[in-house]
Amino acid sequence: MDTKITDNTNTQNSTKAIVINHMDSFYNNDIEALMSDYTEESIVITLEQTFKGLREIRLFIDELISFFPKGKTILILDKISIEDDLGYIVWHAKTPNLDIPLGSGTFILKNGKISQQTFVGQIEEK
């Protein structure tokens, strides 16, 4: 993995691989790779809104990723916990315009794709 994401677990399974790859794709601003993790039935829930289906999720990702420019973002994965098709992450990041001292997400996978996801972050503008 060619990123500043730190994996601090020893567990290996397909859910972990998908979650780590998803975070790696986010860090590298690879929108197509991110979108390939979802289906038309996928749901992403955030503090502000719930996004359903590929069109809505893409709009969310397009906006979110603009705050995390490739090559100018440090993203550290502080914790990853995996139980079967459930993944939970805690992370923090620094970007040119934002400090995110705490971010978290939950991933529920179905047939190798993200079926349901939550995202929350403590976002502080610099």
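Side chains are part of it too, since the values below use all heavy atoms of this structure and drop only hydrogens, waters and symmetry mates. Note that the structure is predicted; figures quoted are calculated from it, not measured.
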Novice: Report the C-alpha separation of W91 and I100 in whole Å, then their side-chain angles, then the decisive distance to 0.1 Å, and conclude whether the side chain to side chain contact (heavy atoms under 4.5 Å, CB included) test is met.
Specialist: CA-CA 8 Å; W91 53 275; I100 301 98; 3.7 Å; yes
Novice: Measure from the side-chain N and O atoms of T73 to the backbone N and O of K70, and report whether any donor-acceptor pair falls under 3.5 Å.
Specialist: no
Novice: Identify whether I18 and V90 are in the same connected component of the hydrophobic contact network (ILVMFWY, side-chain heavy atoms under 4.5 Å).
Specialist: no
Novice: Between T15 and D85, what is the shortest heavy-atom contact and its length?
Specialist: OG1-CA, 3.4 Å
Novice: Which pair of non-hydrogen atoms, one from K16 and one from N13, has the smallest distance, and what is that distance?
Specialist: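 Scanning both residues completely, I find the closest heavy atoms to be N-OD1, 2.8 Å.
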Novice: For N28 and D24, indicate whether the former's side chain and the latter's backbone hold a donor-acceptor pair under 3.5 Å.
Specialist: yes
Novice: Nearest 0.5 angstrom please: N29 CG to K72 NZ, how far?
Specialist: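 If we round to the nearest 0.5 Å, N29:CG and K72:NZ are 11.0 Å apart.
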Novice: Could you grab the distance from atom CG of D78 to atom OG of S104, nearest 0.5 Å is fine?
Specialist: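 One finds 10.0 Å between CG of D78 and OG of S104.
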Novice: Please confirm whether the ring centroid of F26 lies under 6.0 Å from the ring centroid of F68.
Specialist: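 Judged by ring-centre distance (under 6.0 Å), F26 and F68 do meet the cut-off.
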Novice: Between Y38 and H22, is the ring centroid distance below 6.0 Å?
Specialist: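 For Y38 and H22, the ring centres are under 6.0 Å apart.
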Novice: For residues 27-43, pull every pair meeting salt bridge (charged side-chain N to carboxylate O under 4.0 Å, His left out), keeping only residues two or more places apart or in separate chains.
Specialist: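 Those involving residues 27-43 are E32-R58.
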Novice: Between G87 and I82, which heavy-atom pair has the shortest distance, and what is it?
Specialist: CA-CD1, 3.7 Å
Novice: Determine, using the 4.5 Å side-chain heavy-atom cutoff (strictly less than), whether F119 and Y27 are members of one ILVMFWY cluster.
Specialist: yes
Novice: Looking at every non-hydrogen atom in both residues, tell me the closest pair between L102 and H92 and how far apart they are.
Specialist: N-CB, 4.5 Å
Novice: Could you tell me the separation between the NZ atom of K52 and the CZ atom of F60, rounded to the nearest 0.5 Å?
Specialist: 15.5 Å
Novice: Transitively linked via ILVMFWY side-chain contacts under 4.5 Å: L98 with M23?
Specialist: yes
Novice: Looking at Y88 and T106, what are the two nearest heavy atoms and their distance?
Specialist: CD1-OG1, 3.8 Å
Novice: To the nearest 0.5 Å, tell me how far Q116 CD sits from I43 CD1.
Specialist: 5.5 Å
Novice: Show the nearest heavy-atom pair for residues I61 and L34, with the distance to one decimal.
Specialist: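 Looking at all heavy atoms of both residues, the closest pair is CG2-CD1, 3.8 Å.
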Novice: Can you find a pair of side-chain heavy atoms, one from I57 and one from S42, that are under 4.5 Å apart?
Specialist: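 Heavy-atom side-chain distance check passes, below 4.5 Å.
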Novice: What pairs of residues pass the salt bridge (charged side-chain N to carboxylate O under 4.0 Å, His left out) test when at least one of them lies in residues 100-126, not counting sequence neighbours?
Specialist: D99-K126
Novice: Can you tell me how far CG of L59 sits from CG of L64, rounded to the nearest 0.5 angstrom?
Specialist: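 These two atoms lie 12.5 Å from each other.
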Novice: With side chain to side chain contact (heavy atoms under 4.5 Å, CB included) as the test, would you mind laying out the steps for I31 and D62 before giving the verdict?
Specialist: CA-CA 7 Å; I31 293 172; D62 284 343; 3.2 Å; yes
